[in-house]
Each structure stands twice: as C-alpha cells, then as structure tokens.
Amino acid sequence: MTTQALPAISTLPSLPPAEITAILDLLFEPSPPLHDLSLPILKSTTFPSYPTLIAAINALLTALASSTASKDTETLSEILCAHPRLGEKKVDSEQSRAEQAQLNKGGQEEAEELKRLNNAYEETFPGLRYVVFVAGRPRPAIMENMKSRIARNDIAAERQDAIQAMCDIAADRAQKLSN
C-alpha cells in the first residue's frame, strides 16, 4: 500500500499478505503479533465493513485477554505495546503523531507529569502500555483518566480497556482513511 487510504473492504481477502498487514498497521499500529493473529482470518473472510473487521479483531484480542495461557498474555501485551507512549517526542506512526498532537501542547510541568504517569502505569501494569482514545481531549483530562486507571489497579479490566481503546482508535482511523 503506497497511499494513506483504505481499499474497498471486499478486496481484502484477495490482497497480498504484505498489503493486508500494511492496512492493519494503518488501523492499529505496526505489530507482527497482530499480523500473525489476524492475517488468516482476513485472508479467508469477507467483511461487510471496516467497523465489522475491527469488531472481529476486538473479539480475537478479548479471547487472548480471557485466556489463562501465558503465551496469550504475552502476545496481547506485545500487541497493546505497539501503541506509542502518550506524550513521547518520537512517535513513528503518522496517525499516532496527529492524534497526540494536542498532548504536546501545554507546560513543561504537565509534560513531566505525563511522563511520570506513564512510568507509574507501566510499573502498576508490567508488560502493558497505557492506551486511550485521545480524540482531541486535553492533556489534563487524559492524565485524570490515567490516574484513575492506575488507582483501580485491575489488570484484567486494564487489558479490556486497552483493547477497547485500541479498537476505538482503529475505527476512527478507518473512518478518516475511508473518506
């Protein structure tokens, strides 16, 4: 895929694997474990819409979150950690850079607090990265959400919230990349 637009959903099963993984990367962030998990389904199923495809991936990720197998937990963590840390200066994904742009506005104190919260989150939930659908929300609102999720200290709920946020982000990107 050379452009930042999504092809017609009906064409996915006929596309080469590299093009399908490029689509996954646009929607979810580059993640080889997500490619491995999703590619067999995307090659064999014609979805009626991108939101339906995203819902199917949500179901796959939720199944990983529900599993007691450590390999499934590790795979899910790798997929969720494909998203960049909030407020990082170096963000590889063009979509994440645009989505997080307003988080880089504000004072140095807020930037340092966001960095501290990222660290506290990752200490509370080893192997996870805080994932949230930013959607234009200001840095203080994001930091309040982060604090409440850290205080909740529930890894199962956190995995589910991160999966949902990742899929919400993908749905928003799909809509923008389809227009």
Side-chain angles (χ1 to χ4, degrees), residues 1-86 88 90-100 121-122 125-136 145 149 154-179:
M1 260 179 65
T2 56
T3 64
Q4 294 284 318
L6 296 174
I9 190 78
S10 61
T11 65
L12 259 61
S14 65
L15 294 176
E19 287 189 38
I20 296 172
T21 59
I23 292 164
L24 287 169
D25 292 351
L26 280 173
L27 295 174
F28 291 97
E29 297 295 322
S31 171
L34 182 62
H35 301 163
D36 294 343
L37 184 69
S38 305
L39 200 54
I41 293 162
L42 299 180
K43 285 296 291 175
S44 64
T45 306
T46 301
F47 292 94
S49 66
Y50 278 98
T52 306
L53 176 150
I54 293 164
I57 291 175
N58 187 322
L60 289 172
L61 298 177
T62 298
L64 288 178
S66 300
S67 173
T68 57
S70 61
K71 178 148 180 42
D72 290 343
T73 302
E74 290 169 19
T75 298
L76 179 60
S77 292
E78 286 182 59
I79 292 168
L80 295 174
C81 286
H83 275 267
R85 292 175 102 214
L86 289 182
E88 286 291 299
K90 184 178 182 289
V91 176
D92 294 330
S93 160
E94 182 180 324
Q95 287 81 13
S96 285
R97 223 179 0 264
E99 292 158 357
Q100 292 190 25
Y121 179 90
E122 291 169 14
F125 304 111
L128 290 184
R129 182 161 296 148
Y130 175 75
V131 182
V132 68
F133 182 38
V134 174
N145 176 267
R149 285 168 60 176
D154 181 339
I155 189 81
E158 195 52 40
R159 285 186 182 115
Q160 203 54 55
D161 283 354
I163 290 166
Q164 189 58 55
M166 195 172 89
C167 291
D168 290 344
I169 293 164
D172 184 64
R173 290 175 178 182
Q175 188 218 1
K176 290 175 181 170
L177 294 169
S178 297
N179 294 330

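Quantities reported herein were computed from a predicted structural model and do not represent experimental measurements.
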Seminar exercise, completed: Shortest non-hydrogen pair, A65 vs I163, comes out as CB-CD1, 3.8 Å
Exercise. In chain order, what residues pass the salt bridge (Lys or Arg N to Asp or Glu O under 4.0 Å) check against E78, with sequence neighbours excluded?
Worked result: none
Problem set entry | Heavy-atom side-chain contact between P7 and L12 under 4.5 Å | yes
For this session: List for me each residue that meets side chain to side chain contact (heavy atoms under 4.5 Å, CB included) alongside D36, sequence neighbours excluded, and say none if there are none.
Result: none
Exercise. How close do L128 and S77 get, heavy atom to heavy atom, and via which atoms?
Worked result: CD2-OG, 3.8 Å
Quick one: side chains of residues 37-47, donor-acceptor pairs under 3.5 Å with protein atoms, not counting sequence neighbours, listed by atom name and distance.
from : atom 1 : to  : atom 2 : distance (Å)
S38  : OG     : L34 : O      : 3.0
K43  : NZ     : P13 : O      : 3.0
K43  : NZ     : L15 : O      : 2.7
S44  : OG     : P40 : O      : 2.9
S44  : OG     : I41 : O      : 3.4
T45  : OG1    : I41 : O      : 3.1

Problem set entry | Separation between CG of L61 and CD of Q164, rounded to the nearest 0.5 Å | 10.5 Å
Exercise. Rounded to the nearest 0.5 Å, how far does NZ of K71 lie from CG of L64?
Worked result: 10.0 Å
Exercise. So do the side chains of N145 and Y130 get within less than 4.5 Å of each other, counting heavy atoms only?
Worked result: yes
Problem set entry | For the student: nearest non-hydrogen atoms of E29 and A82, plus distance | CB-O, 3.8 Å
Problem set entry | Partners meeting side chain to side chain donor-acceptor pair (under 3.5 Å) with E122 (sequence neighbours left out) | R85
For this session: Taking all non-hydrogen atoms of both residues into account, name the closest pair between G127 and C81 and its distance.
Result: O-SG, 3.3 Å
Seminar exercise, completed: The side chain to side chain contact (heavy atoms under 4.5 Å, CB included) partners of S14 (sequence neighbours excluded) come to T11
Exercise. Does the side chain of H35 reach to within under 4.5 Å of the side chain of L24, using non-hydrogen atoms?
Worked result: yes
Exercise. Is the closest side-chain heavy-atom distance between Q160 and T62 below 4.5 Å?
Worked result: yes
For this session: Would you kindly say whether T21 and D25 are connected by a side-chain donor-acceptor distance under 3.5 Å?
Result: no
Exercise. Can you tell if the side chain of P33 reaches within under 4.5 Å of the side chain of E74, non-hydrogen atoms only?
Worked result: no
Exercise. Do T73 and R159 touch side chain to side chain, with heavy atoms closer than 4.5 Å?
Worked result: yes
For this session: Taking the side chain as every heavy atom from C-beta outward, state whether I169 and H83 have any pair of such atoms under 4.5 Å apart.
Result: yes
For this session: Could you list the residues that satisfy ring pair (Phe, Tyr, Trp, His ring centres under 6.0 Å) with F125, not counting sequence neighbours?
Result: Y121
Problem set entry | Exercise: identify the closest heavy-atom pair between I9 and P48 | CG2-O, 3.7 Å
For this session: Would you check if Y50 and L27 make a side-chain contact, meaning some heavy-atom pair closer than 4.5 Å?
Result: yes
For this session: Search all heavy atoms of M166 against all heavy atoms of L80 and return the closest pair with its distance.
Result: SD-CD2, 3.9 Å
